[in-house]
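Here is the structure we will look at, set down as structure tokens.
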Amino acid sequence: MFSAADHGHMSDALRLARRGQFSCHPNPRVGCVITVDDEPISSGWHAVAGGAHAEIVALERAGAAARGSTFFVTLEPCAHHGRTPPCVEALIAAGVARVVVAMEDPNPLVAGQGLAALRAAGVDVQCGLLTDQAAALNAGFVSRMQRGRPRTVLKLAASLDGRTAMANGESKWITGPAARADVQHLRAASSAILTGVGSVISDDPSLNVRAAALDTGGRQPLRVVVDSRLRTPPDARLLGLPGQTLIFGALEDAAAQRALERAGARIELLPNDSGKVDLQRLLTRLAELECNDVLVETGARLAGIMVNAGLIDELVLYLAPHLMGDEARGLVELSGLVSLADRVQLELIDVRQVGPDLRIRARLEARAG
């Protein structure tokens, strides 16, 4: 069905799509290539939400040469009016003869309608080339559209014996500069960064993207704090930085809420039956706020609660080549694990060295919570 040349062009389109990974939030990352007689004549990618979609960029660059061409795109072209007009109409007007799509758009507003409109206009449409790679590139967007919640990635850093801080709390720095720089890429690719109030009080983190070399289009991820009793200090560092901080609480405290709002925070109360923040509802709320990917950078307790509840999709673990001993603090607090049958299963995705440290990426098994 697809030729070797088709695979090559779609691979190029996927590489182009990655150029928008830090800046096109909340839209999916999309790239495309236009060819005539198997030779590329134009290409494009989606750079920023509200800006031209990848298809429009490529068509404008191709001009009249797009008539009779083959169009490779990593995601089904849209057929609805959103921030921009439908791309399908532009493709039909340009006279494109063949459209090759990596995957159908999981957005219910599109969901096959773009492909159907192209076919109805007489365009030769083929879908399903490098689908797995395209879905992985937009795993958070797919999660938000299909599950109603963002994709969640838990980032941890530890010694080889699984320790994250000394008994007195000292933790700077467990990993080296290269690993810490790599974390900036994780942050830049995320819609939101989530932590717990305990980490805010003990570490006073910034939770922002500090690498100027990363082209985020000036966007900072939403900073999210899980804080049942609104104990976040109004002078916390993350409240004084560019971007938004959203604090999810559970118990009403008018004075604390006013102080935090004056410091620049948004407050939302999402209590569960135990008087804690309902984490499932929190993730649903972040999806409503168009968050695709949430990076969790928090302490062992909240990390364990989220893992046990089945709310973590992927783990990114940086392991430093040293030992910190039995009295140092552990990696994740997991309750209820009595036998080996209870252990949390992981599927390794990638293991590589980053500076002197190891970076392990793994998927977590589905858990009932």
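Heavy atoms only: backbone and side chains are in, while hydrogens, waters and symmetry mates are out.
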Between [Y] and [X], is there a side-chain donor-acceptor contact under 3.5 Å, judged purely by atom types and distance?
X	Y	result
S191	N292	no
R163	S159	no
N27	H46	yes

Please determine whether side-chain hydrogen bond (donor to acceptor under 3.5 Å, both in side chains) holds for the pair T245 and R223, giving the CA-CA distance in whole Å, both sets of side-chain angles, and the decisive distance to 0.1 Å.
CA-CA 5 Å; T245 300; R223 296 181 290 272; 3.1 Å; yes
Without placing hydrogens or testing angles, list every side-chain donor-acceptor pair under 3.5 Å for residues 9-16, not counting sequence neighbours.
from, atom 1, to, atom 2, distance (Å)
H9, NE2, D38, O, 3.2
S11, OG, H7, O, 2.9
D12, OD1, R15, NH2, 2.1

If I compare all heavy atoms of [X] with all of [Y], which pair ends up nearest, and what's the gap?
X	Y	result
D161	G325	OD2-N, 2.9 Å
P234	A263	O-CB, 3.3 Å
S69	I34	OG-CG2, 3.4 Å
G299	S199	N-OG, 3.3 Å
G275	S228	O-CB, 4.1 Å
A117	V88	CB-CG1, 3.7 Å

So, do [X] and [Y] sit near enough that their side-chain heavy atoms are less than 4.5 Å apart?
X	Y	value
R187	E297	yes
L358	R352	no
L156	T164	no
F248	V226	no
L239	L260	yes
V99	D124	no
V224	L286	yes
L279	L302	yes

In this structure, which one of L246, V294, L194, N272 forms a side-chain contact (heavy atoms from CB on, under 4.5 Å) with L282?
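Per the side-chain contact (heavy atoms from CB on, under 4.5 Å) rule, the option paired with L282 is L194, out of L246, V294, L194, N272.
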Kindly state each residue pair satisfying side-chain hydrogen bond (donor to acceptor under 3.5 Å, both in side chains) with at least one member in residues 315-333, sequence neighbours excluded.
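The answer is D182-Y318.
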Kindly state each residue pair satisfying side-chain hydrogen bond (donor to acceptor under 3.5 Å, both in side chains) with at least one member in residues 93-104, sequence neighbours excluded.
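Listed once each, the pairs are D6-R98, R98-Q126.
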Around [X], counting heavy atoms of other residues, nucleotides and ligands shown, do more than 12 lie under 6.0 Å from its [atom1]?
X	atom1	value
R119	CZ	yes
E288	CD	yes
N168	CG	yes

Identify, with sequence neighbours excluded, every residue that meets salt bridge (charged side-chain N to carboxylate O under 4.0 Å, His left out) alongside R229.
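Once residues adjacent in sequence are excluded, R229 has no partner under the salt bridge (charged side-chain N to carboxylate O under 4.0 Å, His left out) criterion.
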Cation-pi check, R29 to W45: give yes when NZ or CZ is under 6.0 Å from the six-membered ring centre and within 45° of the ring axis, no otherwise.
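No, R29 does not sit over the ring of W45.
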Answer yes or no: is there an ion pair linking [X] with [Y], defined by an N-O contact shorter than 4.0 Å?
X	Y	answer
D313	R149	yes
R266	E261	no
R151	D293	yes

With R18, which residues qualify under side chain to side chain donor-acceptor pair (under 3.5 Å), at least two apart?
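Partners of R18 by the side chain to side chain donor-acceptor pair (under 3.5 Å) criterion come out as none, since no residue qualifies.
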Using the test side chain to side chain donor-acceptor pair (under 3.5 Å), find all partners of D357 that sit at least two apart in sequence or belong to another chain.
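If we apply the side chain to side chain donor-acceptor pair (under 3.5 Å) test to D357, skipping adjacent residues, there are no hits.
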Can you measure from CD1 (I360) to CG (L315) and round to the nearest 0.5 angstrom?
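Nearest 0.5 Å value for the CD1-CG distance: 8.0 Å.
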